[in-house]
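Right, one structure below, let's go through it.
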Amino acid sequence: MPERLEQSAAGRFDTVLIANRGEIAARIQRACRELGLKTVAICSEADRHAPYGKTADSFLCIGPSTAAKSYLNQDAILLAARLAGAGAVHPGYGFLSENAAFSDAVEKAGLTFIGPTASSIATMGDKISAKRAMIAAGVPCVPGPDTALPDDPATIEHIALEIGYPVIIKAAGGGGGRGMRVVPKADVLHEAIALTREEARKAFGSPSLYMEKFLQHPRHIEIQVICDDHGNAVWLGHRDCSMQRRHQKVVEEAPAPGIAPDIIQPVGLACVQACLQIGYRGVGTFEFLYEDGAFYFIEMNTRLQVEHPVTELTSGVDIVQAQIRAAQGHGLELNQGDVTCEGHSFECRINAEDPETFLPSAGVVTHLALPAGPGIRVDTHIHAGYKVSPYYDSLIAKLIVHAPTRAEAMTRMREALADTEVEGISTNIPFLRALFEDDAFSRGETDIHYLEQWLKLRRAA
Ligand code: ADP
């Protein structure tokens, strides 16, 4: 038997095409190499000099800089996979990672999609059907109907009154903090719906909207799960991602501070049950709002998340390797009893953006100094001389720390941020340094609205 077939028979693939860019492309490539798998990196014209291209077994340029013509171009990606002899495609996060049609196209091309099946993505990727599936699995959701908003204005007004103002209008296919609008009172309801519907149609290709209660002071708490193809699923503890600007996460931590094990335990188990019920495969995250001691499901992310490292550091599980192994058809290597979470971890998203205005900052990194030492991890693809492109998300690095206690982890992050130097472009590092000096954040008492209020106060001062 040729060598390649022999290798494939051990798993279901031996070469992985990484359909992404930036730090996550580098992170996935490392996991593949550690598992003895060959890698195919792809790039747009803007990313031709990406460092992970040099360390991949194959590196193919699949199109122009605009994401729509490269990282979102399904045909180009599948062609690259065929040319490079890939047996699997890892979508990373963003881009095509939650696109059910892409998962389907990959499998139809005879390749393995490293993620859930198209039907799981379709069910859980649509926020309305996810809500319905979670209600069926006995998981509490934010008050509001589990159906799309009708067109009839009177019925919409009635739904809002039943829920009680303020309400939030959300796109069923929304993501990345977009396609959401808070409605404080009745007189702006219809305008908010019209604007959000138009936005949803343009950005997510579907005008489907739903409405729920806008919670006033919740925290964002999420549960990481991992499932195999053999009916096993575990949850790997919880994270707090309440530090948000414009509904987008800025700092994440694990575990969520001050949540007693007996409160979170049933929620984790319900997530596992929901996975088993829908036959979920691979990694996923259940996101909840937590207010006054109660959890309310908001959505599931059917992919690897930006903040997965904080769970890796507390649980000791390499989530990307586990995800790839599950896609190869291997059974999980651990059961729930084996999962223990130790210490505390923080992640800071380092973005190429102005620390005051948050406007993206493109250009060449002229100097880079990264922190190192016990309990410090940096996930990045940049180096001195790297050109930050204006075409994509501004995330250039993730700084992650781990220490025995939350207070020690905060100190470690302060020191790590002090040691981080990026010159040539603007970054949000000064803003992150200031945030890690904040008293309420140090005490773990902040909700999802805190950061916006903190920024307002700073601007006013
Ligand atoms: P996305 O898919 O764009 O990330 P999510 O549904 O996960 O959207 O919500 C993102 C953030 O928006 C949440 O973490 C929270 O801060 C805020 N949010 C969403 N739903 C509500 C709600 N019902 N009440 C208050 N805030 C909400």
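Model, not experiment: these values are computed from the prediction. Ligands are counted one by one from 1 in listed order, and the atoms in each one are counted from 1 as well.
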Exercise for review: Please indicate whether any nitrogen or oxygen in I298 is less than 3.5 Å from any nitrogen or oxygen in ligand 1.
Suggested key: no

**Study point:** Mutual orientation of the aromatic rings belonging to F295 and Y290 [parallel < 30°, tilted 30-60°, perpendicular > 60°]
**Key:** tilted

Check your understanding: Near Q244, which atoms of ligand 1 are under 4.0 Å from a heavy atom of that residue?
Key -> 11 (C), 13 (C), 14 (O), 15 (C), 16 (O)

Point to revise | Working for salt bridge (charged side-chain N to carboxylate O under 4.0 Å, His left out), residues E198 and R201 | key: CA-CA 5 Å; E198 202 35 43; R201 198 193 315 269; 3.3 Å; yes

Study note, to complete from the structure: A student checking ligand 1 against G174 at a 4.0 Å heavy-atom cut-off should list atoms 2 (O)

Point to revise | Heavy-atom nearest neighbour in the protein, as seen from atom 23 (N) of ligand 1, with distance rounded to 0.1 Å | key: K213 O, 2.8 Å

Check your understanding: So is K127 close enough to ligand 1, meaning a heavy atom under 4.0 angstrom away?
Key -> yes

Check your understanding: Among all protein non-hydrogen atoms, which one is nearest to atom 7 (O) of ligand 1, and what is the separation to 0.1 Å?
Key -> E299 OE2, 2.6 Å

Point to revise | Inter-residue atom distance E212.CD - I168.CD1, 0.5 Å rounding | key: 6.5 Å

**Study point:** For atom 24 (N) of ligand 1, the protein heavy atom that lies nearest, with its residue and separation
**Key:** L215 N, 2.9 Å

Point to revise | Distance-only donor-acceptor check, side chains Y71 and D47, under 3.5 Å | key: yes

Exercise for review: Please determine which of I24, V283, L236, I400 meets the side-chain contact (heavy atoms from CB on, under 4.5 Å) test together with H308.
Suggested key: I24

Check your understanding: By number and element, which atoms of ligand 1 are closer than 4.0 Å to a non-hydrogen atom of G177?
Key -> 1 (P), 3 (O), 4 (O)

Point to revise | Heavy-atom nearest neighbour in the protein, as seen from atom 17 (C) of ligand 1, with distance rounded to 0.1 Å | key: H247 ND1, 3.5 Å

Point to revise | Q305 and T285: side chain donor to acceptor below 3.5 Å | key: yes

Exercise for review: Step by step, work out the side-chain contact (heavy atoms from CB on, under 4.5 Å) result for T147 and Y210.
Suggested key: CA-CA 7 Å; T147 47; Y210 66 108; over 6 Å; no

Exercise for review: Write out the residue and atom name of the closest protein heavy atom to atom 9 (O) of ligand 1, then the distance separating them to 0.1 Å.
Suggested key: M180 CE, 3.8 Å

Review point. Which ligand 1 atoms, with their elements, are less than 4.0 angstrom from a heavy-atom of V142?
Key: 23 (N)

Review point. What do the steps show when you test F346 against F436 for ring-ring contact (aromatic ring centres under 6.0 Å, His included), and what is the final call?
Key: CA-CA 11 Å; F346 281 101; F436 271 81; 5.4 Å; yes

Practice item. Please work out which of H220, M211, K249 has its closest non-hydrogen atom nearest to atom 14 (O) of ligand 1. Key: H220

Exercise for review: Answer yes or no for K170: is there a heavy-atom contact with ligand 1 below 4.0 Å?
Suggested key: yes

Check your understanding: N/O of I448 under 3.5 Å from N/O of ligand 1, yes or no?
Key -> no

Exercise for review: Indicate whether the side chain of E408 and that of T405 have a donor and an acceptor atom separated by less than 3.5 Å.
Suggested key: yes

Check your understanding: Any N or O of E212 that comes nearer than 3.5 Å to an N or O of ligand 1?
Key -> yes

Exercise for review: Indicate, as side chain, backbone, both or neither, the part of L289 found under 4.0 angstrom from ligand 1 when only non-hydrogen atoms are considered.
Suggested key: side chain

Practice item. Check the side chains of Q323 and Q328 for a donor-acceptor pair under 3.5 angstrom, ignoring hydrogens and angles. Key: no

